[in-house]
Number of protein chains: 2
Amino acid sequence: MKSLGKTLKDSRELISLTLRQVEEATGISNAYLSQLENDKIKKPSANVLYKLASLYNVELDSLLYAAGIIEQESPQKNKLLNTIALSAEKLTNDEEQALLDYLKYLRFSKK
Amino acid sequence: MKSLGKTLKDSRELISLTLRQVEEATGISNAYLSQLENDKIKKPSANVLYKLASLYNVELDSLLYAAGIIEQESPQKNKLLNTIALSAEKLTNDEEQALLDYLKYLRFSKK
DNA sequence: ACAAAAATCTAAATATATCAAGCAAAGATA
DNA sequence: TATCTTTGCTTGATATATTTAGATTTTTGT
């Protein structure tokens, strides 16, 4: 399994960017990028991984996989979503919150 | 936009776990979980977010979104539906009906 | 081949995440 | 009521991520 560092370095080189260009584009220091590419960092923030995935045009999942955070690259994406009755209409934030609270209430009052 | 802390707390309460149970299941200390839920932590590791998304049965994307890391969630999905569809505790017919009724009530009473 | 510039890397300093211990409030139990 | 648990939280200590500054290596122009 390819390490996170090698994955990042390969991805960067594929689009011919220097560490300083990546720093410019993401705000992540080139020094830190270097440490990432040399596997000195065990648990980078989601923030950093997402920025790099975006810039390098790779799936966040592939970085998470290389970092050993997830087991498989395409985990159980649940297609059940589409079958849920509520799916048609968009919810406002307030509606969503109200429904969540209500569901919580339903489940607690049952027990 | 709902904060990461509130998102995490809502998700945890939906499946009725205590902070200490989450600590047991994930290895993340209850003290830290509390700080996460109270928005004391700005950039948690991908590791932590992924563990919680898995345990709470929510999409990692929804946590990244709540944390302000990504701009928009995966289209045509919303957090409530994710929560319900992926939840370990399945939505019963009665619950679904109750939620539908309640949503109807919310929308009508607003106008 | 040599110098200058660009690129990567190291080390020390700083910022932030994460943990261990223990506190206070709310609940259960007797 | 008094006591024992459970629960979420705060604080101080530690580990780790991330930055700043600078050293070393690699590339480029002449």
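Throughout, protein chains are lettered first and strands after them, A, B, ... in sequence-line order, and every chain is numbered starting at 1. Everything quoted here is computed from the prediction, not taken from an experiment.
- Although no hydrogens or angles enter the test, the distance criterion places a donor-acceptor pair under 3.5 Å between the side chain of Asp39(A) and the main chain of Gly5(A).
- Glu24(B) has its CD atom 16 Å from the C1' atom of dC19(C), to the nearest Å.
- Protein atom CG of Asn47(A) is 13 Å distant from nucleotide atom C1' of dT16(C), rounded to whole Å.
- In this structure, the NZ atom of Lys40(A) is 16 Å from the P atom of dT16(D), given to the nearest Å.
- Rounded to an integer number of Å, the gap from CG of Leu33(B) to P of dT10(D) is 14 Å.
- Note: CG (Leu36(A)) to P (dT10(C)) measures 14 Å, nearest angstrom.
- Side chain Glu23(A) to base dT19(D): no donor-acceptor pair is found below 3.5 Å.
- A 4.5 Å side-chain heavy-atom check between Ile41(A) and Leu4(A) finds every atom pair outside the cut-off.
- For the pair Ile28(A) CD1 and dT20(D) P, the computed distance is 13 Å after rounding to whole Å.
- Distances were taken from every side-chain heavy atom of Ser29(B) (C-beta onward) to each of dC19(C), dC9(C), dA17(D); the shortest belongs to dC19(C).
- Counting any heavy atom pair closer than 4.0 Å across all strands shown, Asn38(A) reaches sugar-phosphate atoms only and no base atom.
- Relative to the side chain of Gln35(B), the nucleotides dA17(D), dC19(C), dT7(D) differ in distance, and dC19(C) lies closest.
- Shown here for Leu52(B) and Leu36(B), the closest heavy-atom pair between the two residues is CD1-CD1, 4.0 Å.
- Atom NZ of Lys43(A) has 12 or fewer heavy atoms from other residues, nucleotides or ligands within 6.0 Å.
- Between dT10(D), dG22(C), dA17(D), one nucleotide has an atom nearer to the side chain of Lys42(A) than all others, and that is dA17(D).
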Q.
If you apply the rule side chain to side chain contact (heavy atoms under 4.5 Å, CB included), what do you find for Arg12(A) with Leu19(A), and how did you get there?
A. CA-CA 8 Å; Arg12(A) 175 174 62 85; Leu19(A) 293 182; 3.3 Å; yes
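- Which of dA17(C), dC9(D), dT19(D) sits closest to the side chain of Ala31(A) comes down to dT19(D).
- One atom, CG of Asn30(A), and another, P of dT25(D), lie 17 Å apart when rounded to the nearest Å.
- Here Thr18(B) lies in heavy-atom contact (under 4.0 Å) with sugar-phosphate atoms only.
- A straight line from CD1 of Ile41(A) to C1' of dA17(C) spans 13 Å, rounded to a whole angstrom.
- Stem regions for DNA chain D, each three or more consecutive Watson-Crick or G-U pairs with both distances under 3.5 Å and listed by first number, read C:1-30 with D:1-30.
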